[in-house]
Enquirer: 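One structure follows; several queries about it will come next.
It should be emphasised that the depicted structure is a prediction, and the values quoted were computed from it without experimental measurement.
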Amino acid sequence: MSFPLLTATAALPAIGAIATAAVPAARRTAAKWLALLFSLGTLVLAAVVFLRFEPGGDRYQLTESRAWIADFGVRYELGVDGIGVALLGLTALLIPFVIVAAWHDADPLETKSTRWRPTQGFFALILMVEAMVILSFVATDVFLFYILFEAMLIPMYFLIGGFGDRAHAGTDESAATQRSYAAVKFLLYNLAGGLIMLAAVIGLYVVAGSFSLSEIAEARANGSLEMATSTERWLFLGFFFAFAVKAPLWPLHTWLPNAMGEATAPVAVLITAIVDKVGTFAMLRFCLGLFPEASKWATPVVITLALISIVYGALLAVGQRDIKRLIAYASISHFGFIILGIFAMTSQGQSGATLYMVNHGISTAALLLVAGFLITRRGSRLIADYGGVQKVAPVLAGTFLIGGLATLSLPGLAPFVSEFLVLVGTFSAYPVAGIIATSGIVLAALYVLVLYQRTMTGPVQESVRSMPDLRARELAVAVPLIAVLIVLGVFPKPLTDVVNPAVEHTMSDVQKKDPQPEVEAAK
């Protein structure tokens with residue numbers, strides 16, 4: 001038996017979580033370094049997975065299959081395709097930066113309530129989330145995926161509710177109440193989606209007799225799997241609802257601004273740059289892969305919801321007074337672009353959507369982590385409490401600007417490539433939808449530039465006059481992320497070479513071909 005590389009990649013952060021949690025309470029610094037080392041080890045294994053993956057090879061590679069719950073037909077099956085390997089790499093890349101950025105976020109905090117912040121538990125929870133997300137990207141058994149889809153909610157609940165943002169304008173009691181509200185809302189929304197998905201998972205097994213993606217695909221290919229139209233549509237809706245909550249898609253999005261606003265900036269990165277990508281990834285793998293006819297049937301409605309997310313999220317971002325909530329609403333708009341690209345059902349759209357998942361993760365991490373450094377210095381999330389920061393902390397302002405320009409998809413930075421492909425793919429199939437989606441670009445420029453203008457330019461406010469610039473640890477977070485944004489902006493080929501063959505498989509699943517341009521004959 002070959003070395004189980006995918007299992008090892010997911011198991012290493014899980015082992016790191018246990019080891020970090022077991023570090024004695026007085027050894028907080030040791031726990032931080034241990035968590036960082038395990039995350040770097042996971043990054044190395046993820047790099048090996050990426051290098052061993054052959055874009056022109058089988059659809060699922062580095063496969064593993066073992067019996068798990070034999071009486072119910074559940075197997076421990078893993079395999080990675082081009083989309084999964086790209087998102088696995090994104091997760092493994094971002095976690096070390098999340099840990100370094102959160103270096104002091106869980107240190108003991110003396111407040112009126114003398115609240116203790118268990119450092120070891122905080123970093124152990126981050127590693128546990130990483131393990132579950134990685135495993136969800138490579139699970140090819142539907143039931144195994146469902147278990148991971150639900151289980152990752154538990155550590156995220158404690159990260160949001162137990163380790164909230166210290167830059168809170170209210171009292172300790174009001175801050176704790178808002179954190180609890182945000183954590184419970186996050187959990188209830190996602191649990192509701194998961195319960196509906198569970199019914200659909202059971203229904204799929206009743207119809208197909210298997211949870212294995214490969215077995216279901218084989219049965220459909222040889223004609224032994226017959227699924228009534230109404231059955232397929234109901235099952236599709238059960239899966240899609242859960243993924244739309246996780247993504248999040250309007251109108252199931254309302255938990256995200258609360259969760260990101262109350263969480264620390266690194267945990268907010270975990271939410272929107274990593275965990276939420278499971279929802280959009282699952283739309284490609286499970287909705288389109290398992291229910292191709294139902295996916296085409298639902299396309300007009302899904303595209304409409306995606307367009308509403310794009311415009312609605314951008315408009316609300318323009319009107320925000322809270323920096324982190326602005327970034328949260330911007331993310332809702334960006335997830336609308338991703339879902340639009342998926343359901344445009346063109347190769348350009350789906351390639352762009354996959355690249356958008358990766359590039360949005362990196363750009364949001366860069367902007368949100370630098371914003372977190374800014375908020376930590378001033379102790380406020382309100383935009384009105386800043387002004388003239390670029391004169392006292394030019395490096396902080398510069399990195400914040402680049403992160404913002406990436407968010408608005410400036411040419412030369414990574415998100416531009418993905419957004420361009422999404423729009424090209426959408427225009428070729430649904431021109432009106434493409435025109436409406438373009439308005440999101442204009443609004444993105446508005447909310448990003450207004451945010452920068454109000455916080456970084458103008459007269460120096462007295463409250464920021466003594467603000468220090470980025471320190472070495474913070475530069476170690478911001479500079480590499482910006483470098484990746486620039487590299488992928490000018491040379492995205494390593495990612496597109498991996499993603500495009502997987503997109504071709506998905507297009508084959510739904511039996512769709514790219515629209516041919518209409519060219520008038522020369523006279």
Enquirer: How close do Ile332 and Gly313 get, heavy atom to heavy atom, and via which atoms?
Expert: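 Scanning both residues completely, I find the closest heavy atoms to be CG2-CA, 4.4 Å.
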Enquirer: Is a side-chain donor or acceptor of Trp255 paired with a backbone partner of Leu188 at a separation under 3.5 angstrom?
Expert: no
Enquirer: Identify, with sequence neighbours excluded, every residue that meets side-chain contact (heavy atoms from CB on, under 4.5 Å) alongside Thr29.
Expert: Trp33
Enquirer: Rounded to the nearest 0.5 Å, what separates atom CD1 in Ile339 from atom CG in Leu305?
Expert: 8.5 Å
Enquirer: Which residues pass the ring-ring contact (aromatic ring centres under 6.0 Å, His included) test with Phe291, not counting sequence neighbours?
Expert: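 With neighbours one apart ignored, the set is Phe239.
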Enquirer: Determine whether Ile383 and Leu326 satisfy the following criterion, side-chain contact (heavy atoms from CB on, under 4.5 Å), listing intermediate values before the conclusion.
Expert: CA-CA 10 Å; Ile383 297 172; Leu326 184 152; 4.1 Å; yes
Enquirer: Could you pull out all residues at least two apart from Lys32 that satisfy salt bridge (Lys or Arg N to Asp or Glu O under 4.0 Å)?
Expert: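 Once residues adjacent in sequence are excluded, the partners of Lys32 under the salt bridge (Lys or Arg N to Asp or Glu O under 4.0 Å) criterion are Asp107.
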Enquirer: Regarding Tyr76 and Thr7, is there a side-chain donor-to-acceptor distance under 3.5 Å anywhere?
Expert: yes
Enquirer: Quick check for you: to the nearest 0.5 Å, what is the distance between Thr407 atom OG1 and Leu368 atom CG?
Expert: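 Atom-to-atom, Thr407:OG1 and Leu368:CG are 9.5 Å apart.
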Enquirer: Compute whether any side-chain donor of one residue and acceptor of the other, for Ser214 and Ser212, lie under 3.5 angstrom apart.
Expert: yes
Enquirer: Under the rule for salt bridge (Lys or Arg N to Asp or Glu O under 4.0 Å), what residues qualify as partners of Asp141, not counting sequence neighbours?
Expert: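 Listed in chain order: nothing, the list is empty.
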Enquirer: Do Val129 and Ile95 have side chains that approach each other closer than 4.5 Å (heavy atoms only, starting at C-beta)?
Expert: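 The answer is no; the side chains never approach within 4.5 Å.
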Enquirer: Before we go on, tell me: are the rings of Phe145 and Phe211 under 6.0 Å apart, centre to centre?
Expert: no
Enquirer: Between Arg59 and Asp81 (side chain of the first, backbone of the second, donor and acceptor by atom type, cut-off under 3.5 Å), is there such a pair?
Expert: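 Flag not set: sc Arg59 to bb Asp81 has no pair under 3.5 Å.
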Enquirer: With sequence neighbours excluded, what pairs up with Tyr447 under the ring-ring contact (aromatic ring centres under 6.0 Å, His included) test?
Expert: none
Enquirer: His104 versus Arg473: any side-chain heavy-atom pair under 4.5 Å?
Expert: yes
Enquirer: Run the side chain to side chain donor-acceptor pair (under 3.5 Å) test against Glu150 and tell me which residues pass, sequence neighbours left out.
Expert: none
Enquirer: Run the numbers on Gln350 and Leu288 for side-chain contact (heavy atoms from CB on, under 4.5 Å), then give the verdict.
Expert: CA-CA 11 Å; Gln350 292 188 358; Leu288 272 62; 3.3 Å; yes
Enquirer: Could you pull out all residues at least two apart from Asn359 that satisfy side chain to side chain donor-acceptor pair (under 3.5 Å)?
Expert: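 Partners of Asn359 under the side chain to side chain donor-acceptor pair (under 3.5 Å) test: Ser418.
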Enquirer: Would you mind reporting whether Phe123 and Leu34 have side-chain heavy atoms less than 4.5 Å apart?
Expert: no
Enquirer: Between Thr140 and Arg285, is there a side-chain heavy-atom distance shorter than 4.5 Å?
Expert: yes
Enquirer: Check Val499 against Gly82 and note the closest heavy-atom contact, atom names and distance.
Expert: CG2-O, 4.3 Å
Enquirer: Could you measure the distance from the CE atom of Met152 to the CG atom of Leu270? Nearest 0.5 Å is fine.
Expert: 11.0 Å
Enquirer: Is Thr20 reaching over with its side chain to a backbone N or O of Gln120, donor-acceptor style, under 3.5 angstrom?
Expert: no
Enquirer: Do side-chain atoms of Thr42 reach the backbone of Ala92 as a donor and acceptor pair under 3.5 angstrom?
Expert: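 No, the answer is negative, given that no donor and acceptor are paired below the 3.5 Å cut-off.
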Enquirer: Assess the residue pair Phe186 and Leu153 against the criterion (side-chain contact (heavy atoms from CB on, under 4.5 Å)); give the C-alpha distance rounded to whole Å, side-chain angles, the decisive distance to 0.1 Å, and a yes or no.
Expert: CA-CA 8 Å; Phe186 162 81; Leu153 301 179; 3.8 Å; yes
Enquirer: Step by step, would you call Tyr60 with Leu78 a side-chain contact (heavy atoms from CB on, under 4.5 Å)?
Expert: CA-CA 9 Å; Tyr60 295 112; Leu78 307 180; over 6 Å; no
Enquirer: State whether the side chain of Glu64 and the backbone N or O of Leu6 hold a donor-acceptor pair below 3.5 Å, judged by distance alone.
Expert: yes
Enquirer: When you compare the side chain of Met197 with that of Val201, does any pair of heavy atoms fall below 4.5 Å?
Expert: yes
Enquirer: Is it true that Phe335 and His253 have ring centroids separated by less than 6.0 Å?
Expert: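 No, they do not, as the ring centres are separated by 6.0 Å or more.
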Enquirer: Is there a side-chain contact between Asp105 and Val267 (heavy atoms, below 4.5 Å)?
Expert: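 No, their side chains stay 4.5 Å or more apart.
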Enquirer: Please identify each residue that fulfils salt bridge (Lys or Arg N to Asp or Glu O under 4.0 Å) with Arg325, with sequence neighbours left out.
Expert: none
Enquirer: My understanding is that only residues two or more places apart in sequence, or in another chain, count here; which of them pass ring-ring contact (aromatic ring centres under 6.0 Å, His included) with Phe137?
Expert: Phe281
Enquirer: Within the distance-only criterion (no hydrogens, no angle test), does the side chain of Ser333 pair as donor or acceptor with the backbone N or O of Tyr329 below 3.5 angstrom?
Expert: no
Enquirer: Do Leu475 and Phe373 have side chains that approach each other closer than 4.5 Å (heavy atoms only, starting at C-beta)?
Expert: no
Enquirer: With rounding to the nearest 0.5 Å, note down the distance linking CG in Leu396 to CZ in Arg471.
Expert: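 Those atoms lie 10.0 Å apart.
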Enquirer: Should the pair Tyr356 and His360 be assigned to parallel (<30°), tilted (30 to 60°) or perpendicular (>60°) ring geometry?
Expert: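 Because their plane-to-plane angle lies in the 30° to 60° range, the rings of Tyr356 and His360 count as tilted.
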Enquirer: Who are the salt bridge (Lys or Arg N to Asp or Glu O under 4.0 Å) partners of Glu419, not counting sequence neighbours?
Expert: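 With neighbours one apart ignored, the set is empty.
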Enquirer: Ignoring hydrogens and angles, tell me if any N or O in the side chain of Ser136 forms a donor-acceptor pair with the backbone of Phe149 under 3.5 Å.
Expert: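 Between the backbone of Phe149 and the side chain of Ser136 there is no qualifying donor-acceptor contact (under 3.5 Å).
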Enquirer: Measure from the side-chain N and O atoms of Thr364 to the backbone N and O of Gly361, and report whether any donor-acceptor pair falls under 3.5 Å.
Expert: no
Enquirer: Between Gly279 and Phe243, which heavy-atom pair has the shortest distance, and what is it?
Expert: O-CB, 3.5 Å
Enquirer: Give a yes or no on whether the backbone of Ala371 and the side-chain of Lys324 come within a donor-acceptor separation of less than 3.5 Å.
Expert: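 Pair absent, no side-chain N/O of Lys324 close to backbone of Ala371.
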Enquirer: Considering non-hydrogen atoms only, spot the tightest contact between Leu90 and Lys277 and give its length.
Expert: CD2-CG, 4.5 Å
Enquirer: Hey, is the main chain of Leu62 close enough, under 3.5 Å, to the side chain of Arg52 for a donor-acceptor pair?
Expert: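 Judged by distance alone, no pair lies under 3.5 Å.
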Enquirer: Distance check, rounded to the nearest 0.5 Å: Ile15 atom CD1 versus Phe38 atom CZ?
Expert: 6.5 Å
Enquirer: Does Thr354 have any side chain to side chain donor-acceptor pair (under 3.5 Å) partners at least two apart in sequence or in another chain, and if so, which?
Expert: none
Enquirer: Locate the shortest heavy-atom distance separating Ala406 from Ser363; write the atom from each residue and the value.
Expert: CB-CB, 3.8 Å
Enquirer: When rounded to the nearest 0.5 angstrom, what is the spacing between CG in Leu249 and CG in Leu340?
Expert: 10.5 Å
Enquirer: Over all heavy atoms of both residues, which pair between Gly372 and Ala265 is shortest? Give the atoms and the distance, please.
Expert: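 For Gly372 and Ala265, the tightest heavy-atom pair comes out as CA-CB, 3.6 Å.
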Enquirer: Identify whether the distance between the nearest side-chain nitrogen and carboxylate oxygen of Glu474 and Arg377 falls below 4.0 Å.
Expert: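 Answer for the salt bridge query: yes.
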Enquirer: Does a side-chain heavy-atom distance below 4.5 Å link Val48 with Thr9?
Expert: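 No, too far: nothing below the 4.5 Å cut-off.
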Enquirer: Is it true that atom CH2 of Trp103 has more than 12 heavy atoms of other residues, nucleotides or ligands lying nearer than 6.0 Å?
Expert: yes
Enquirer: State, without any angle test, whether Ser65 and Glu77 hold a side-chain donor-acceptor pair at a distance under 3.5 Å.
Expert: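 Side chains of Ser65 and Glu77: pair found under 3.5 Å.
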Enquirer: Would you please name every residue forming a side chain to side chain donor-acceptor pair (under 3.5 Å) with Thr254, sequence neighbours left out?
Expert: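 Expected list: Tyr189.
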